[in-house]
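I am attaching a structure below and will ask some questions about it afterwards.
Given the structure is predicted, the values throughout are model-derived calculations rather than measurements.
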Amino acid sequence: MGASSAVSLVRFGVGTSNHELRLKKWTRRLLWFDTRKRFSCCADMLAPIRQSEERRFEQKTSAHGAGIKPSSSAMPFASPKSRFVPKQEKFYPRCTPRLTGPQSRDTPPKRDTGIANEKDWGIDLLTENVNESGINEDGSTWFRESGQDLGENGYRCRWTRMGGRSHDASSEWTETWWEKSDWTGYKELGVEKSGKNAEGDSWWETWQEVLHQDEWSNLARIERSAQKQAKSGTENAGWYEKWWEKYDAKGWTEKGAHKYGRLNEQSWWEKWGEHYDGRGSVLKWTDKWAETELGTKWGDKWEEKFFSGIGSRQGETWHVSPNSDRWSRTWGEEHFGNGKVHKYGKSTTGESWDIVVDEETYYEAEPHYGWADVVGDSTQLLSIQPRERPPGVYPNLEFGPSPPPEPDQPQ
């Protein structure tokens with residue numbers, strides 16, 4: 001396959017009872033950074049995870065129906081609001097060197113913001129190799145350097161790195177940009193940033209966007225990912241998130257996230273995923289749970305599978321007290337595709353139901369953001385130019401083991 005056209009972008013078309021689990025709303029602080037570069041720890045944390053399984057499907061409706069979309073407003077832990085503002089000069093001196101120094105890019109990551117588009121990063125790689133540094137009027141320092149690394153098979157990585165530090169080294173920031181390519185058509189755009197402030201708060205974030213050719217389907221694929229974490233310098237508090245999205249030119253899509261947070265004696269976790277095979281089959285799932293050091297634990301999880309209007313939903317809400325008493329309610333739905341839905345469930349307190357009702361089936365058969373969208377938002381990635389390939393030199397394509405067989409369609 002040719003150097004610049006190794007990856008062809010195909011298809012640019014591109015019920016409740018007295019025993020209902022009632023979890024009190026706890027007001028707790030949660031590690032957070034706001035858009036004004038302030039580090040604060042506060043939030044309405046650990047709100048009730050689920051009031052009832054029926055309400056879950058009343059939240060979203062669309063042309064395809066009521067699929068569950070992850071969003072910050074639907075998260076079990078509410079978004080935080082800041083409780084204090086450290087002095088700006090202690091947080092980070094604005095890095096504004098006299099002539100050629102980089103402007104400070106010291107904004108910490110925010111929770112539940114997913115994966116940013118490339119345009120939000122403003123990646124602008126330098127065309128020449130530089131290695132420079134300077135001192136600002138307030139005594140803070142800055143540096144900027146750039147270069148490129150070359151390797152086999154036409155590999156090239158162009159990069160720019162910059163950063164700054166306060167006069168007493170109590171606060172600092174660094175940020176690195178890069179683009180990678182080789183003769184197989186592989187292209188990558190990425191960012192990594194980190195920092196700390198005078199209060200001891202620290203953070204780290206990385207973002208990547210990749211274009212490559214799937215070695216078995218021969219289809220173009222774009223993958224995006226982000227990892228973010230932050231840690232308080234004054235208390236046992238922090239959070240971590242990992243997000244990913246994968247798309248191919250025939251509509252196959254996979255999305256997911258893993259999240260973790262802690263504030264002193266309380267911790268919480270969340271995982272969710274979505275998978276669309278591009279032929280009408282969809283799988284979605286969510287698993288959330290939290291606990292305290294006193295031994296209280298609670299959580300909620302659900303899963304749905306659909307294909308051609310036929311499928312199922314099932315889930316569980318549970319709670320464990322400090323003396324290990326456990327309560328749970330499980331529920332399920334079978335959708336037959338003919339307007340009939342079988343609903344069933346039970347709880348540890350003796351509740352049970354098993355009925356068939358007349359009810360339309362709603363679900364999202366296609367992702368709200370798919371191949372055409374990600375292509376349109378990846379212009380800088382797609383414009384990366386690989387090294388010129390000499391005549392008679394061909395890319396080395398290494399194929400891994402055969403992929404696992406695809407699972408049967410949901411019945």
Side-chain angles (χ1 to χ4, degrees), residues 1-12 14 102 115-132 144-163 174-193 205-227 243-254 371-403:
M1 183 168 290
S4 62
S5 61
V7 179
S8 59
L9 297 180
V10 186
R11 282 187 59 190
F12 260 76
V14 150
I115 304 174
N117 289 328
E118 59 182 32
K119 64 181 181 180
D120 299 321
W121 284 105
I123 300 171
D124 186 12
L125 295 167
L126 301 177
T127 57
E128 71 282 351
N129 293 347
V130 301
N131 189 347
E132 55 190 6
R144 179 171 58 193
E145 55 190 12
S146 67
Q148 71 173 2
D149 302 323
L150 305 179
E152 298 180 353
N153 212 27
Y155 172 84
R156 177 169 64 183
C157 174
R158 298 176 57 227
W159 54 270
T160 295
R161 185 170 179 264
M162 66 195 80
T174 60
E175 183 162 348
T176 303
W177 304 333
W178 68 85
E179 66 171 39
K180 299 179 182 180
S181 61
D182 65 22
W183 292 334
T184 69
Y186 178 90
K187 299 181 180 183
E188 178 182 318
L189 196 65
V191 175
E192 182 174 3
K193 62 186 296 185
E205 180 176 9
T206 186
W207 172 92
Q208 284 179 282
E209 189 173 57
V210 172
L211 168 71
H212 68 100
Q213 182 180 18
D214 183 80
E215 58 190 22
W216 295 105
S217 69
N218 207 35
L219 292 171
R221 178 174 289 190
I222 293 178
E223 301 183 4
R224 307 196 307 176
S225 62
Q227 296 186 69
W243 301 74
W244 66 91
E245 299 174 354
K246 302 178 182 180
Y247 309 85
D248 79 10
K250 281 194 172 182
W252 178 92
T253 303
E254 180 182 298
W371 173 253
D373 303 293
V374 74
V375 167
D377 286 335
S378 303
T379 54
Q380 188 171 358
L381 172 70
L382 301 178
S383 66
I384 294 175
Q385 296 298 314
R387 292 165 56 190
E388 184 176 352
R389 179 164 54 88
V393 176
Y394 300 96
N396 177 25
L397 301 175
E398 296 183 358
F399 291 89
S402 300

Among Arg156, Arg158, Lys187, whose side-chain contact (heavy atoms from CB on, under 4.5 Å) with Ile384 holds? Lys187

Quick check: closest heavy atoms across Ile222 and Val374, and the distance to 0.1 Å? CG2-CG2, 3.8 Å

Would you check, one step at a time, whether the test side-chain hydrogen bond (donor to acceptor under 3.5 Å, both in side chains) holds for His212 with Glu223? CA-CA 8 Å; His212 68 100; Glu223 301 183 4; 3.2 Å; yes

Counting N and O atoms only, with roles assigned by atom type, does the side chain of Thr176 sit under 3.5 Å from a partner on the main chain of Thr160, one being a donor and the other an acceptor? no

Taking only residues two or more places apart in sequence or in another chain, which ones pass side-chain hydrogen bond (donor to acceptor under 3.5 Å, both in side chains) with Arg161? Glu145

Can you tell me how far apart CG (Asp377) and CD (Glu118) are? Round to the nearest 0.5 Å. 7.5 Å

Run the side chain to side chain contact (heavy atoms under 4.5 Å, CB included) check on Trp207 and Ile123 step by step: do they pass? CA-CA 12 Å; Trp207 172 92; Ile123 300 171; 4.0 Å; yes

Could you pull out all residues at least two apart from Glu245 that satisfy side-chain hydrogen bond (donor to acceptor under 3.5 Å, both in side chains)? Arg224, Tyr247

State the CG-OG1 distance between Asp373 and Thr253, to the nearest 0.5 angstrom. 9.5 Å

So, Asn117 side chain and Lys119 main chain: donor-acceptor pair closer than 3.5 Å or not? no

Mind checking what makes side-chain hydrogen bond (donor to acceptor under 3.5 Å, both in side chains) contact with Ser378, not counting sequence neighbours? Glu209

Please check this pair: side chain of Ser383 against backbone of Leu381, looking for a donor-acceptor N/O pair closer than 3.5 Å. no

Looking at side-chain heavy atoms only, is the closest gap between Glu192 and Trp177 below 4.5 Å? no

Is Arg387 reaching over with its side chain to a backbone N or O of Tyr155, donor-acceptor style, under 3.5 angstrom? yes

